[in-house]
Amino acid sequence: VASLSFKEQVEKESGGRISVELYPSQSIGSAREMIEMMQMGTLEATLLPTAKFGGFDQRLNLADMPFLCETEEDFMSLLNGPVGAEAMAGLEDIGIKGIAYFPEGFKYITNNVRPITSPADLAGLKIRTMEAPIIMSMFKCWGANPVPIDFSEVYNSLQQKVVDGEENPLLSIHDMRFYEVQDYMTIDSHAYLSYFLSYSKSWYDSLPADLQDVVMQAGIDAKDYCQELMDEANAEYLRVIEASGTEIYTLSAEETAVFKDACQPVYEEYRDVIGGDILDRAVEEAARLAAERG
């Protein structure tokens, strides 16, 4: 829906000089293929999970650090501020123009074996994750066996018990109906799933200044609109999942601390990968935002 609003705004504000065609659900290729198409200039824009860019510029792994921020508001403020701008700046060297980070939500763990209340409950479970090393490292810290499976195959993999569980925000758990084939869900907010709007730099640079302004503003406005939509939708998503019979458990502050402590090795592993300076600034900014909230 946010992408549709982007399309309408660009076409209107450009006076029809730019037309926008939307290709949802990986209909023109995998995430990697689409990113590479942007680099070649054969695809003008993508809206993909930030984690999909980690292999192209390691600084983008910052968005997938576990327990980086306590609230969604803090997380989006962090990413769409100076720290997030620095994290995406290096993409221009490989032909990609970063525009904005879009919200989807904190990720929760679902599974078919038992309620997850501590890392010990994840021991030995096969958990589907994105093919993102930083996410897989996090689950390994908790004793799980992360299994990368393409998003389109997750439902069947859960149904056929190829994997025991998965991690996703409410939107994905709801819209992909994962709750139909999962008995338990833990609200643990262990990491945030953000989407990343980016343009082919060669295409963006080819636009006259007024059209660059149009597509830049449309991206920012679509990000804000997406936040409004998510705020309205999440309560209903949770209601539907609970009504389906999925048992929901919310971690206490003490239980959350155990998960957070157990995955600290991820910070050590990725400190030099992401860059110690930017990681330190992100942690400091997250602490400042939390302090401001009181």
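In summary, the side chains of S244 and T246 do present a donor paired with an acceptor at a separation below 3.5 Å, with no hydrogens or angles considered. In the model, E247 has no side-chain atom that pairs as donor or acceptor with a side-chain atom of Y249 under 3.5 Å. Q9 and Q217 share no donor-acceptor pair across their side chains, judged by distance under 3.5 Å alone. Judged by distance alone, the side chains of D224 and Q227 never bring a donor and an acceptor atom under 3.5 Å apart. Side-chain contact, Y155 with E180: a donor N or O sits under 3.5 Å from an acceptor N or O. Under the 3.5 Å distance criterion, with hydrogens and angles disregarded, no donor-acceptor pair is assigned to the side chains of E44 and S200. Judged by distance alone, the side chains of E255 and T117 never bring a donor and an acceptor atom under 3.5 Å apart. T186 and D188 form no side-chain donor-acceptor contact under 3.5 Å, judged by distance and modelled atom types alone.
For the pair D210 and R17, the minimum side-chain heavy-atom distance is below 4.5 Å. Put simply, the side chain of V163 does not reach to within 4.5 Å of the side chain of L125, judged on heavy atoms. When side chains are defined from C-beta on, Q26 counts as touching M34, because their heavy atoms get closer than 4.5 Å. R128 is not listed as a side-chain neighbour of L158, based on a closest heavy-atom distance of 4.5 Å or more. With a 4.5 Å cut-off on side-chain heavy atoms, V266 and Y270 count as touching. Under the 4.5 Å side-chain criterion, counting only non-hydrogen atoms from C-beta, Y108 is not in contact with N168. Looking only at side-chain heavy atoms (C-beta outward), V240 and Y179 come within less than 4.5 Å of each other. Taking the side chain as every heavy atom from C-beta outward, Y225 and V1 approach each other to under 4.5 Å.
The OG atom of S157 lies 11.5 Å from the CG atom of D164; values are rounded to the nearest 0.5 Å. Taken to the nearest 0.5 Å, the CZ atom of R288 stands 9.5 Å off from the CG atom of L78. For the atom pair CD1 (I134) and CD (E269), the distance works out to 8.0 Å, reported to the nearest 0.5 Å. For the atom pair OH (Y23) and OG1 (T46), the distance works out to 14.5 Å, reported to the nearest 0.5 Å. Going from atom CE of M76 over to atom OG1 of T71 covers 11.0 Å, rounded to the nearest 0.5 Å. The CD1 atom of I116 lies 5.0 Å from the CG atom of D121; values are rounded to the nearest 0.5 Å.
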**Study point:** Intermediate values then yes/no, side-chain contact (heavy atoms from CB on, under 4.5 Å), I187 and L251
**Key:** CA-CA 6 Å; I187 296 179; L251 294 186; over 6 Å; no
Practice item. Would you sort out whether R281 and E284 count as a salt bridge (Lys or Arg N to Asp or Glu O under 4.0 Å), showing the intermediate values? Key: CA-CA 5 Å; R281 283 198 299 278; E284 290 169 5; over 6 Å; no
Exercise for review: Check the pair E86, R59 against salt bridge (Lys or Arg N to Asp or Glu O under 4.0 Å), reporting the backbone distance first and the verdict last.
Suggested key: CA-CA 8 Å; E86 182 180 344; R59 282 176 290 187; 5.2 Å; no
**Study point:** Candidate pair K107 and T129, rule side-chain contact (heavy atoms from CB on, under 4.5 Å), full reasoning
**Key:** CA-CA 11 Å; K107 292 187 284 187; T129 70; over 6 Å; no
Practice item. May I have the step-by-step check of side chain to side chain donor-acceptor pair (under 3.5 Å) for D261 and Q264, ending in yes or no? Key: CA-CA 5 Å; D261 289 344; Q264 283 307 299; 5.4 Å; no
Review point. Stepwise, does the salt bridge (Lys or Arg N to Asp or Glu O under 4.0 Å) test hold for R293 with E70?
Key: CA-CA 10 Å; R293 283 188 290 102; E70 296 177 0; 3.1 Å; yes
Exercise for review: Quick one: do V147 and F139 satisfy side-chain contact (heavy atoms from CB on, under 4.5 Å)? Show the steps, please.
Suggested key: CA-CA 10 Å; V147 181; F139 276 90; over 6 Å; no
Review point. So F196 and F53, ring-ring contact (aromatic ring centres under 6.0 Å, His included) or not? Walk me through it.
Key: CA-CA 9 Å; F196 185 57; F53 288 83; 5.1 Å; yes
Review point. Can you check side-chain contact (heavy atoms from CB on, under 4.5 Å) on M185 and I241, steps first, answer last?
Key: CA-CA 9 Å; M185 181 173 80; I241 294 168; 4.2 Å; yes
Exercise for review: Given salt bridge (Lys or Arg N to Asp or Glu O under 4.0 Å), test E11 with K7 step by step and report yes or no.
Suggested key: CA-CA 6 Å; E11 293 178 345; K7 168 183 169 67; 2.9 Å; yes
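Side-chain N or O atoms of T42 include one that pairs as donor or acceptor with a backbone N or O of M37 at under 3.5 Å. Not one N or O on the side chain of Y237 forms a donor-acceptor pair closer than 3.5 Å with the backbone of I173. Looking at T50, its side chain does come within 3.5 Å of a backbone N or O of S194 through a donor-acceptor pair. Looking at N111, its side chain does come within 3.5 Å of a backbone N or O of R114 through a donor-acceptor pair. With hydrogens and angles disregarded, a donor-acceptor distance shorter than 3.5 Å links the side chain of W142 to the backbone of F259. Side-chain atoms of E104 do not come within 3.5 Å of backbone N or O of L171 as any donor-acceptor pair. A donor-acceptor pair is defined here as one N or O able to donate and one able to accept, closer than 3.5 Å; such a pair exists between the side chain of N61 and the backbone of Q58. The main-chain N or O of P265 is never found under 3.5 Å from a side-chain atom of E268 such that the two would form a donor-acceptor pair. Formation of a donor-acceptor pair under 3.5 Å by the E166 side chain with backbone atoms of I127 is not found in this model. H190 places no side-chain N or O within donor-acceptor distance of the main-chain N or O of F67, the cut-off being under 3.5 Å.
Considering every non-hydrogen atom in both T110 and Q182, the closest pair reads OG1-OE1, 2.6 Å. Between F56 and R32, the closest heavy-atom pair is CZ-NH1, 3.5 Å. Contact record, V10 with A218: CG2-CB, 3.5 Å, taken as the closest heavy-atom pair. Among all heavy-atom pairs drawn from D64 and A191, the shortest one is O-CB, 4.4 Å. A pairwise comparison of heavy atoms in S198 and I96 identifies CB-CG2, 3.6 Å as the closest pair. Pairing each heavy atom of G105 with each of P169, the nearest pair is O-CG, 3.6 Å.
Salt bridge absent: E8 and K12 never bring a charged side-chain N and a carboxylate O closer than 4.0 Å.
L229 and L197 are not part of a single hydrophobic cluster, where members link through side-chain heavy atoms under 4.5 Å apart. Under the 4.5 Å side-chain contact rule for hydrophobic residues, V273 and Y267 share a cluster. The cluster map of Ile, Leu, Val, Met, Phe, Trp and Tyr, joined by side-chain heavy atoms under 4.5 Å apart, puts F178 and F106 in the same cluster. Note on Y184: it does not cluster hydrophobically with L238, by side-chain heavy-atom contacts below 4.5 Å among ILVMFWY residues. Linking Ile, Leu, Val, Met, Phe, Trp and Tyr residues whenever their side-chain heavy atoms come within less than 4.5 Å leaves M138 and M136 in two separate clusters.
In this structure, the ring of Y195 has its center no less than 6.0 angstrom from the ring center of Y101.
E92 CD: more than 12 foreign heavy atoms inside a 6.0 Å radius.
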